[in-house]
Number of protein chains: 2
Amino acid sequence: MRKTILLYGLGLATLATVLKLVEYRYFVRDLSLEVYLAVIASLFTALGVWAGAKLIKKTKIQQPGVDFAIDSKKLEETGISTREYEVLELMAQGHSNQEIADKLFVSLSTIKTHTTNLFSKLDVKRRTQAVQRAKELNLIP
Amino acid sequence: MRKTILLYGLGLATLATVLKLVEYRYFVRDLSLEVYLAVIASLFTALGVWAGAKLIKKTKIQQPGVDFAIDSKKLEETGISTREYEVLELMAQGHSNQEIADKLFVSLSTIKTHTTNLFSKLDVKRRTQAVQRAKELNLIP
DNA sequence: GTCTGCCTCGTACTTAAGTATGATTTTAAT
DNA sequence: ATTAAAATCATACTTAAGTACGAGGCAGAC
């Protein structure tokens with residue numbers, strides 16, 4: 001954001017300098033003022049398009065990263081606990097129950113218990129459905 | 001897209017007209033040419049920002065709806081066949097192998113064969129991974 | 001014709017997933 | 001201190017998923 005603004009400022013300054021150098025004293029008397037204005041208009045329009053695009057992009061790119069403190073309202077509604085959610089996340093990444101157990105330093109049976117409760121809370125039968133459902137509800141990215 | 005370009009053209013025309021009306025004959029002798037240029041630069045920069053933002057937004061919004069005739073290039077690269085892709089789609093929707101078999105009017109064992117080949121082509125071990133991978137590759141929405 | 005790739009199906013097996021039940025421990029709230 | 005929810009683990013079981021063959025049919029390429 002600040003970088004874009006800075007760059008825009010730089011671009012502006014550069015353009016101004018160029019304009020000064022190519023000054024009207026050499027041009028305006030040869031070409032008409034209209035042409036001169038058209039050139040300026042074009043340059044600044046281009047600069048504006050560039051700056052506008054940059055700004056929009058910055059905000060657009062930030063969203064996917066930021067809109068996840070997750071939908072904690074829906075999370076509460078479902079009654080999913082902290083641990084169950086962690087299991088859900090790893091599940092969504094395609095890990096097996098055993099892998100999840102290893103990552104969370106608990107036993108396989110613990111994970112199975114969590115998944116069973118999780119499925120019941122999400123009202124699904126299989127892990128693939130659970131992942132799909134969780135994404136629908138914006139519980140996971 | 002065309003609408004934005006049209007609007008931009010209109011904006012340009014309007015600005016040009018305004019400039020003509022407020023013509024230098026009335027202004028340039030009072031204010032310096034630099035100030036006049038600054039005004040023009042500002043106006044066109046603003047116009048550019050607006051147009052640029054519009055254009056970006058249009059393309060960004062179009063993407064989620066349109067970017068699906070699916071990425072057929074990557075599909076070919078993986079060597080996934082038509083039938084395998086159908087299985088993949090249903091799999092991603094959370095269906096079991098039996099459900100997929102019913103929907104496609106083939107036997108369970110056929111689906112198992114497809115999934116096995118599919119996993120090998122996607123270089124994964126489990127269906128949850130397959131779905132994740134396929135989404136990464138933009139093979140499915 | 002022959003070959004190749006795809007789709008189909010079956011059987012047999014191994015492994016993972018999911019369910020049910022019960023129990024202990026931790027943690028936080030009252 | 002009591003209670004309740006969450007987290008942990010185990011055992012036993014059922015079902016689904018995944019693997020490894022083999023094999024027949026079928027369409028298009030050579």
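Chain identifiers are assigned alphabetically (A, B, ...) following the order of the sequence lines, protein sequences preceding nucleic acid strands; residue numbering begins at 1 within each chain.
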Heavy-atom nearest nucleotide on DNA chain D for E84(A) versus K125(B): which residue maps closer to 5'? E84(A)
Residue from V87(B), N117(B), L118(B) passing side chain to side chain contact (heavy atoms under 4.5 Å, CB included) with I80(B): L118(B)
Side chain to side chain contact (heavy atoms under 4.5 Å, CB included) for L90(A) and E99(A)? Distances and angles first, verdict last. CA-CA 9 Å; L90(A) 293 170; E99(A) 287 170 347; over 6 Å; no
Can you tell me if R127(A) touches the phosphate of dG18(C), counting only side-chain N or O atoms and a distance under 4.0 Å to OP1 or OP2?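 The answer is yes; a side-chain N or O of R127(A) sits under 4.0 Å from OP1 or OP2.
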Quick check: does any side chain N or O of [X] sit under 3.5 Å from a backbone N or O of [Y], one acting as donor and the other as acceptor?
{"X": "K121(A)", "Y": "G79(A)", "answer": "yes"}
{"X": "Q132(B)", "Y": "Q129(B)", "answer": "no"}
{"X": "S120(A)", "Y": "T116(A)", "answer": "no"}

Tell me, which of residues 106-123 of chain B have any heavy atom that sits under 4.0 Å from an atom in DNA chain C?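 Correct list: V106(B), S107(B), S109(B), T110(B), T113(B), H114(B).
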Contact boundaries of DNA chain D with chain B (under 4.0 Å, heavy atoms), 5' to 3'?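 Footprint of chain B along DNA chain D, 5' to 3': dA17(D) to dT19(D).
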Check against side chain to side chain contact (heavy atoms under 4.5 Å, CB included), L139(A) and L122(A): CA-CA 11 Å; L139(A) 302 182; L122(A) 286 174; 4.0 Å; yes
Between T110(B) and T113(B), a side-chain donor and acceptor under 3.5 Å: no
Sequence-distant partners of T128(B), side-chain contact (heavy atoms from CB on, under 4.5 Å), two or more places apart: R127(A), T128(A), R126(B)
5' priority, DNA chain C, between T128(A) and F105(B) [closest heavy atom]: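 Nearest nucleotide further toward 5': that of F105(B).
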Atom-pair distance (CD on Q98(B); C1' on dC9(C)), nearest Å: 14 Å
